[in-house]
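Worksheet for the structure shown next.
Throughout, residue positions are numbered sequentially from 1 according to the sequence presented.
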Amino acid sequence: MGEVFLDAFIDTLKVLPFLLIMNFIIEILEYKSNVKVQKALSGGFAPLIGTAVGIVPQCGFSVVATELYAKRKIALGTLLAVYVATSDEALPIMLSSYAGVTKILPVIIIKIIFALAVGYVAFAVQTLMQKRSKPVAENAAVAVHSDEHENAHEHEHEHDHDHEHGDEHGEEKLHIHGCHHHSIDEDEWDGKNATKKQKAKRVFDLYIKHPLLHTATVIFFIFIVNVIFGVAVYYVGEKRIAEFIGSTGYFQPLLAGLVGLIPNCAASVVVTELYVVGGLSLGGAVAGLCVSAGIGYAVLAKQNKSIKNTVLVISIMYVASVALGMIINAIPQSIFF
């Protein structure tokens with residue numbers, strides 16, 4: 001049992017440098033409002049970049065991508081591309097096995113092509129939806145502007161009426177507005193009337209304290225998830241899981257996909273080891289490894305504010321990966337080897 005906590009600690013430690021660095025970068029981007037950088041992260045090449053970093057054999061980039069997506073710094077297509085391409089422990093296991101290049105290349109090539117396809121399809125759909133919703137938003141803006149224009153006339157009339165009668169409400173409202181506008185928090189935020197000490201504290205809070213606390217919170221959550229799933233695998237056993245999946249025949253992609261959803265490197269380990277020894281078909285391996293995004297799903301569930309959006313992302317990953325696995329199993333395997 002001690003090994004479970006040690007493995008969970010090591011797996012969590014692997015993610016820490018990527019997450020910490022990215023949180024510092026996110027804070028700088030968020031408060032400096034670097035429009036060019038944000039456009040690059042969500043531009044046309046973003047899914048390609050996401051696929052390239054996702055294929056690196058570790059799950060740190062899936063966590064980083066999740067953090068960026070939760071803050072809406074990258075588009076959905078980029079996140080999906082990273083998730084699909086994420087190889088986690090798969091590539092090292094394949095390279096160290098006796099299976100050789102013939103087993104490795106088809107999986108890697110399929111993952112790269114599929115990551116690009118899913119990423120750019122999602123990117124195109126999101127762009128199309130934004131273009132269609134733009135006229136509606138513009139019409140709504142026109143209506144709101146019209147209402148505000150009418151309200152402004154009414155407010156001006158009421159203000160003149162109050163001014164003529166000399167009531168004290170105007171002075172009271174002005175006083176309240178003035179206190180709120182010149183509060184210390186506002187001064188610290190706009191930096192106009194803040195002291196050097198207040199400015200220094202604000203810089204420390206924004207660029208050091210906040211990213212450190214945020215990283216600590218996420219890392220603790222990742223560690224807890226790793227421990228939970230580590231204990232589950234410890235009592236059930238990787239061998240039993242592998243044997244169960246291997247006995248399902250044509251429906252392997254369905255179960256392999258479910259295993260891939262486990263937010264832990266154990267998922268990719270089970271699927272990969274079963275594949276290299278011949279207990280899992282290429283379609284099953286592709287489904288399990290394409291849907292596997294490491295700890296990314298756990299971070300997405302915690303960080304993403306919209307539960308519906310989180311469910312949508314996970315559903316797209318599972319359905320698309322399983323469908324691809326089913327298609328591959330239906331095609332003669334000689335095509336891939």
Side-chain angles (χ1 to χ4, degrees), residues 8-43 45-46 49-50 53-54 56 58-76 78-79 82 170-227 263 294-307 309-310:
F9 178 75
I10 293 174
D11 289 340
T12 304
L13 206 60
K14 290 177 182 178
V15 179
L16 179 59
F18 297 94
L19 188 61
L20 183 60
I21 292 171
M22 188 51 60
N23 275 330
F24 279 120
I25 294 174
I26 288 173
E27 292 300 326
I28 293 173
L29 293 178
E30 184 172 352
Y31 291 103
K32 293 296 183 182
S33 300
N34 192 327
V35 178
K36 291 183 179 180
V37 175
Q38 290 185 29
K39 283 184 177 180
L41 291 171
S42 57
F45 289 103
I49 297 171
V53 299
V56 177
Q58 46 75 41
C59 63
F61 285 115
S62 69
V63 175
V64 170
T66 304
E67 286 282 322
L68 289 170
Y69 179 74
K71 292 178 176 290
R72 297 303 183 262
K73 301 295 182 182
I74 62 174
L76 174 61
T78 308
L79 178 70
V82 173
E171 292 181 6
E172 185 179 353
K173 289 177 183 177
L174 180 62
H175 176 70
I176 294 173
H177 175 76
C179 289
H180 173 74
H181 185 73
H182 295 291
S183 65
I184 294 176
D185 292 338
E186 189 70 20
D187 289 338
E188 286 182 348
W189 181 255
D190 61 27
K192 290 180 180 179
N193 301 313
T195 63
K196 289 183 179 181
K197 185 177 180 180
Q198 289 172 335
K199 289 180 179 179
K201 182 179 182 300
R202 177 172 176 267
V203 170
F204 175 80
D205 288 344
L206 292 181
Y207 301 119
I208 299 177
K209 180 181 177 181
H210 187 268
L212 285 176
L213 290 175
H214 184 69
T215 300
T217 303
V218 175
I219 282 297
F220 178 74
F221 183 78
I222 290 174
F223 176 72
I224 295 299
V225 171
N226 279 333
V227 169
I295 201 69
Y297 292 129
V299 179
L300 181 69
K302 182 180 185 300
Q303 299 297 101
N304 197 18
K305 294 180 181 179
S306 173
I307 297 176
N309 185 262
T310 299

Value rounded to 0.5 Å, distance of [atom1] in [X] from [atom2] in [Y]:
| X | Y | atom1 | atom2 | value |
| --- | --- | --- | --- | --- |
| L79 | E67 | CG | CD | 11.5 Å |
| L16 | I219 | CG | CD1 | 4.5 Å |
| N309 | L76 | CG | CG | 7.0 Å |
| T310 | L300 | OG1 | CG | 4.0 Å |

Which pair of non-hydrogen atoms, one from [X] and one from [Y], has the smallest distance, and what is that distance?
| X | Y | answer |
| --- | --- | --- |
| A46 | T78 | CB-OG1, 3.1 Å |
| V82 | A65 | CG1-CB, 3.9 Å |
| A8 | V227 | CB-CG2, 3.6 Å |

Side chains of R72 and N304: closer than 4.5 Å at any heavy-atom pair? yes
Quick one: ring-ring contact (aromatic ring centres under 6.0 Å, His included) partners of Y69, sequence neighbours excluded? none
Can you list the residues that meet the side-chain contact (heavy atoms from CB on, under 4.5 Å) rule with I208, with sequence neighbours excluded? F204, L212
